[in-house]
Amino acid sequence: MAEPYSTESIAYRSALEVIRGVEPRVADAIAAELTDQREMLKLIASENYASPAVLLAMGNWLSDKYAEGTVGRRFYAGCRNVDTVEALAAEHARNVFGAAHAYAQPHSGIDANLVAFWAVLSQRVETPGLARAGVRQVNDLTEQDWAQLRAEFGNQRMLGMSLDAGGHLTHGFRPNISGKMFDQRSYGTDPQTGLLDYEALRATAREFRPLIIVAGYSAYPRLVNFRIMREIADEVGATLMVDMAHFAGLVAGKVLTGDFDPVPHANIVTTTTHKSLRGPRGGMVLCDDALAEHVDRGCPMVLGGPLPHVMAAKAVALAEAARPEFGSYAQAVVDNARALAEGLLTRGAKLVTGGTDNHLVLIDVSGYGLTGRQAEAALLDSGIVTNRNSVPQDPNGAWYTSGIRIGTPALTTRGLGAAEMDEIAGLIDTVLSGTTAAAAPKGGLSKAHHVLDAAVADQVAKRASDLLAGFPLYSGIDLS
Ligand code: PLP
């Protein structure tokens, strides 16, 4: 396969020189990041390599513009070019995902979820509250009616996937604002199979009667049936929100279709744009017509002024995602994840759910006698970048964990295929098999520290770097 991003190197060489003239340490950090990305195996499931067109769309004077409001309806003058890029981002998003409405302003996935929560609260709590009081907007409510409405905002329920089953902190967990806003209950996976237990979820939903059911995950290696999720939501009068931050690229690339495509089934869908979708860091909300006006209030309700340069990059990334090549890319991401899982299973690794149907694999490293934190550190010593993650019913909690999450969106962009995935599975197994828990200062074994022979780490890091040298990244930039 041809080097994906070879031709645009000149623009970056010049950019580095301009930055070096002002703050050389920043230029050095940017250059060093390129070296790391060239030489280390990037297996973090939520990362990717955005294209030069996406990166360049962000580094320009669109960044200088204030543009609160929506397309054609701004609180600032002179927004015609921002209108163009925001409208293009929304148009491409509607086309790529087949959505009725798209809102391209959220600055991140967390922000997209906040916009979605408040859109649902606006539709289902605020609008009836205003109607009851016979007024059109919150400023017209009496102090008493306003106090009642605020109490109602704070008294709503949400049902989301539990963290150790693979859910995300923003799905109603206490450290995040969603857990402080909503009375939350979670659903999980079957302890035997590790698969989502829809009937247990249905029973919880019937009893708890949430306003919102959130589907979507950060670390669940299987598919979710959104038709069943919508059926459950309808049965209990809940709004179905799907957070497809991780798998948006698989939806855009038409690998997830029918019951597994969230867009036709959910009332509202949120996403990041930088993970499998391979765009700029940012978020987005898609919704049905009934929620559109509520979603569009995102700024200034919960968002600061939009980032026009990032919306420009979202438009570029979505134009890329509309191309047939992106479908092949998305399929290769899933094929590679399966090859990686098979390579690990063949070597005796324990995987949560026994494999994968999407872009990620969750290794239960207790099989190697390690915590996730020890495994993550040993792999990093060896040039393999991953992140630790809880596994279901994790005895080591959310800090040390017992899992390592790995994903294929980034290395697939780089052009690696099934044969390389098998070799990488071997490298991971070599490192984890060669690592032991260090002794704790007070006796017993540490959960934090590990022991790995430096010769093994160096040998694996060298092989990782040699392997990646066959899949060059910006070869026109010489950093020597
Ligand atoms: N939702 C899910 C499912 C995620 O996995 C993440 C990121 O890890 C987010 C939301 C938050 O995205 P961001 O980091 O862009 O705020």
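We use all heavy atoms of the structure for the numbers below, so side chains are in, but hydrogens, waters and symmetry mates are not. As the structure lists them, so they are numbered: ligands from 1, and atoms in each ligand from 1.
Identified under the salt bridge (Lys or Arg N to Asp or Glu O under 4.0 Å) test for residues 382-396, with sequence neighbours left out: E376-R388.
Using a 3.5 Å distance cut-off with no hydrogens or angles, the side chains of Q37 and E33 do pair a donor with an acceptor. A donor-acceptor contact closer than 3.5 angstrom is absent between the side chains of N176 and H168. Side chains of N396 and T371: no donor on one and acceptor on the other come within 3.5 Å. Under 3.5 Å, the side chains of T204 and R185 contain no donor-acceptor pair of N or O atoms.
You'll find the ring centres of Y217 and F247 inside the 6.0 Å limit.
The closest heavy-atom contact to atom 6 (C) of ligand 1, among the options H168, H171, H246, comes from H168. Closest heavy-atom approach to atom 13 (P) of ligand 1 among the candidates S218, G216, G109: G109. The closest heavy-atom contact to atom 16 (O) of ligand 1, among the options T270, V242, I110, comes from I110.
Interatomic distance, NE2 of H294 versus CG of L121, reported as 11.0 Å (0.5 Å rounding).
Every atom of ligand 1 is numbered from 1 in the order shown, and the set under 4.0 Å from a heavy atom of Y217 is 3 (C). Atoms of ligand 1 lying under 4.0 Å from at least one heavy atom of S108, given by number and element, are 13 (P), 15 (O), 16 (O). Here is the list of ligand 1 atoms found below 4.0 Å of a heavy atom in T272: 12 (O), 15 (O). Ligand-side atoms of ligand 1 in range of H274: 15 (O), range being under 4.0 angstrom from any heavy atom.
Only the side chain of D243 comes within 4.0 Å of ligand 1, judged by heavy-atom distances. The residue R281 has no part lying near ligand 1, judged by heavy-atom distances below 4.0 Å. With a 4.0 Å cut-off on non-hydrogen atoms, A245 touches ligand 1 through its side chain and not its backbone.
At least one heavy atom of K275 lies less than 4.0 angstrom from ligand 1.
Across G372 and I404, no two heavy atoms sit closer than the pair O-CD1, 3.6 Å.
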